[in-house]
Amino acid sequence: MIAVYDDRPEERTFQLLFEASRELECEPNGLLEVSPRDLEFDFLSDVGSMRQRLQVGSDRLADLVAGADPVSRVVKAGLTHRKLGRMIVEYLPRRGGDRHPIAVSMSAATLGLPDSLWAKKDRSAAKRIADWSREALELASSKCDPLYGGIAVEMTLPSPSSLSTTQSKVPSELFVSRRLTDRDQSLVDRLRQVFADGEVTNWRNGLFCAGWAPYVSGGQGITDLADTRGRASKLVKQAVSAGR
């Protein structure tokens with residue numbers, strides 16, 4: 001899953017992330033889920049029977065994703081990648097009145113298995129998926145200019161209010177925007193310390209911090225990823241709170 005969080009309107013983020021997916025050779029399949037435009041929810045399951053599944057043509061799809069429908073908003077949109085299979089751009093859960101993080105969800109395939117079980121061919125397959133998802137997050141960070149984002153396997157990207165809980169942490173593959181680092185000039189140095197055994201890369205709109213081996217050059221990652229995620233979550237939480 002590639003996900004981003006922004007404090008600007010969710011429909012804008014959804015549209016830009018959908019467009020980014022198309023730039024990475026994902027083709028829309030016309031399958032959508034929509035909810036009433038004015039209905040607020042924390043989890044998609046909260047929408048219940050008011051959520052509708054649609055199969056639409058390209059023109060209608062473009063209008064809905066662009067937020068041009070006065071009644072409905074898209075909360076899920078299906079796409080297909082020729083090699084990586086089905087993908088969904090979707091709203092993720094939020095807490096405390098935050099905006100919803102928006103994600104491109106896909107099968108983790110080999111990345112969903114413990115890396116201790118990978119054979120040589122599994123490592124090659126994992127690297128291909130890792131490279132694609134890293135490219136996707138970099139493009140999303142450029143197009144959407146979110147506050148933060150990440151690449152997560154079998155977890156979600158927490159909204160800011162969730163970062164105050166011990167269970168919710170940012171992924172070890174983390175994008176932190178310049179919009180956040182500009183609020184706290186020490187944040188860059190502190191992130192580099194947290195990811196000292198991983199890798200920190202300058203992107204157009206911020207920093208990409210990687211801790212897991214498939215995302216680190218040379219394949220050597222951070223041993224204690226849980227600790228890294230916890231420390232990084234505190235830094236992101238502090239930086240987001242500083243702007244509120």
Side-chain angles (χ1 to χ4, degrees), residues 1-5 13-14 16-29 31 76-93 101-144 146 148-158 169-177 195 197-226 228-229 232-233:
M1 178 185 74
I2 301 96
V4 295
Y5 177 82
T13 305
F14 190 102
L16 292 173
L17 193 54
F18 186 84
E19 291 174 358
S21 302
R22 298 200 63 178
E23 289 183 33
L24 292 169
E25 301 181 347
C26 296
E27 290 299 322
N29 59 24
L31 293 172
K76 286 189 178 186
L79 305 102
T80 303
H81 188 278
R82 182 170 59 87
K83 294 182 179 180
L84 299 177
R86 296 178 182 175
M87 300 189 182
I88 301 172
V89 180
E90 62 181 337
Y91 280 55
L92 296 181
I102 307 296
V104 180
S105 299
M106 57 186 287
S107 169
T110 307
L111 285 179
L113 301 174
D115 50 12
S116 59
L117 301 179
W118 291 349
K120 185 176 180 179
K121 66 177 182 179
D122 296 325
R123 294 187 182 279
S124 298
K127 187 67 167 61
R128 286 194 297 272
I129 298 171
D131 287 348
W132 186 90
S133 58
R134 177 181 170 132
E135 181 183 2
L137 181 60
E138 183 172 11
L139 181 59
S141 72
S142 180
K143 287 185 72 73
C144 303
Y148 62 91
I151 302 167
V153 177
E154 297 180 357
M155 64 182 72
T156 190
L157 181 74
K169 300 175 183 177
V170 295
S172 58
E173 282 53 62
L174 174 67
F175 168 76
V176 178
S177 70
F195 288 89
D197 293 331
E199 192 169 68
V200 178
T201 306
N202 289 308
W203 282 355
R204 174 184 173 185
N205 288 341
L207 295 176
F208 177 64
C209 307
W212 191 21
Y215 292 90
V216 176
S217 299
Q220 298 297 317
I222 296 172
T223 302
D224 191 346
L225 289 176
T228 297
R229 292 174 55 220
S233 295

Of the non-hydrogen atoms in [X] and [Y], which two are nearest, and what is the gap between them?
{"X": "P93", "Y": "T156", "value": "CD-OG1, 4.2 Å"}
{"X": "F18", "Y": "A77", "value": "CE1-CB, 3.7 Å"}
{"X": "A3", "Y": "L92", "value": "CB-CD1, 3.9 Å"}
{"X": "A140", "Y": "P146", "value": "O-CD, 3.9 Å"}
{"X": "L157", "Y": "G150", "value": "CD1-N, 4.2 Å"}
{"X": "L139", "Y": "A20", "value": "CD2-O, 3.4 Å"}

**Asked** Parallel, tilted or perpendicular: which describes the rings of W203 and F208, with under 30° parallel and over 60° perpendicular?
**Response**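 Rings of W203 and F208: parallel, as their planes differ by under 30°.
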Any side-chain heavy-atom pair from [X] and [Y] closer than 4.5 angstrom?
{"X": "T201", "Y": "R134", "answer": "yes"}
{"X": "P171", "Y": "I151", "answer": "no"}
{"X": "K83", "Y": "W132", "answer": "no"}
{"X": "D197", "Y": "Q220", "answer": "no"}
{"X": "F175", "Y": "N205", "answer": "yes"}
{"X": "L79", "Y": "I88", "answer": "no"}
{"X": "E27", "Y": "R22", "answer": "yes"}

Donor-acceptor under 3.5 Å ([X] side chain, [Y] main chain):
{"X": "S141", "Y": "E138", "value": "yes"}
{"X": "R229", "Y": "V170", "value": "yes"}
{"X": "E173", "Y": "W212", "value": "yes"}

**Prompt:** In this structure, are over 12 heavy atoms from other groups packed under 6.0 Å from E25 atom CD?
**Reply:**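 Atom CD in E25 is not crowded, with 12 or fewer foreign heavy atoms closer than 6.0 Å.
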**Prompt:** Residues two or more places apart in sequence or in another chain: which of them pass side-chain contact (heavy atoms from CB on, under 4.5 Å) with L31?
**Reply:**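 Once residues adjacent in sequence are excluded, the partners of L31 under the side-chain contact (heavy atoms from CB on, under 4.5 Å) criterion are N29, Q55.
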**Prompt:** What residues form a side-chain contact (heavy atoms from CB on, under 4.5 Å) with V216, not counting sequence neighbours?
**Reply:**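 In terms of side-chain contact (heavy atoms from CB on, under 4.5 Å), with neighbours along the sequence ignored, V216 is linked to E199, A210.
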Spacing of [atom1] belonging to [X] relative to [atom2] belonging to [Y], to within rounding of 0.5 Å:
{"X": "L174", "Y": "K169", "atom1": "CG", "atom2": "NZ", "answer": "13.5 Å"}
{"X": "L137", "Y": "L17", "atom1": "CG", "atom2": "CG", "answer": "9.5 Å"}
{"X": "S233", "Y": "Y148", "atom1": "OG", "atom2": "OH", "answer": "9.0 Å"}
{"X": "R86", "Y": "H81", "atom1": "CZ", "atom2": "NE2", "answer": "15.5 Å"}
{"X": "I102", "Y": "T13", "atom1": "CD1", "atom2": "OG1", "answer": "6.0 Å"}

**Request:** Report the C-alpha separation of Y215 and S172 in whole Å, then their side-chain angles, then the decisive distance to 0.1 Å, and conclude whether the side chain to side chain donor-acceptor pair (under 3.5 Å) test is met.
**Result:** CA-CA 10 Å; Y215 292 90; S172 58; over 6 Å; no
**Asked** Who passes side chain to side chain donor-acceptor pair (under 3.5 Å) against D131, sequence neighbours left out?
**Response**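 D131 satisfies side chain to side chain donor-acceptor pair (under 3.5 Å) with K127 only.
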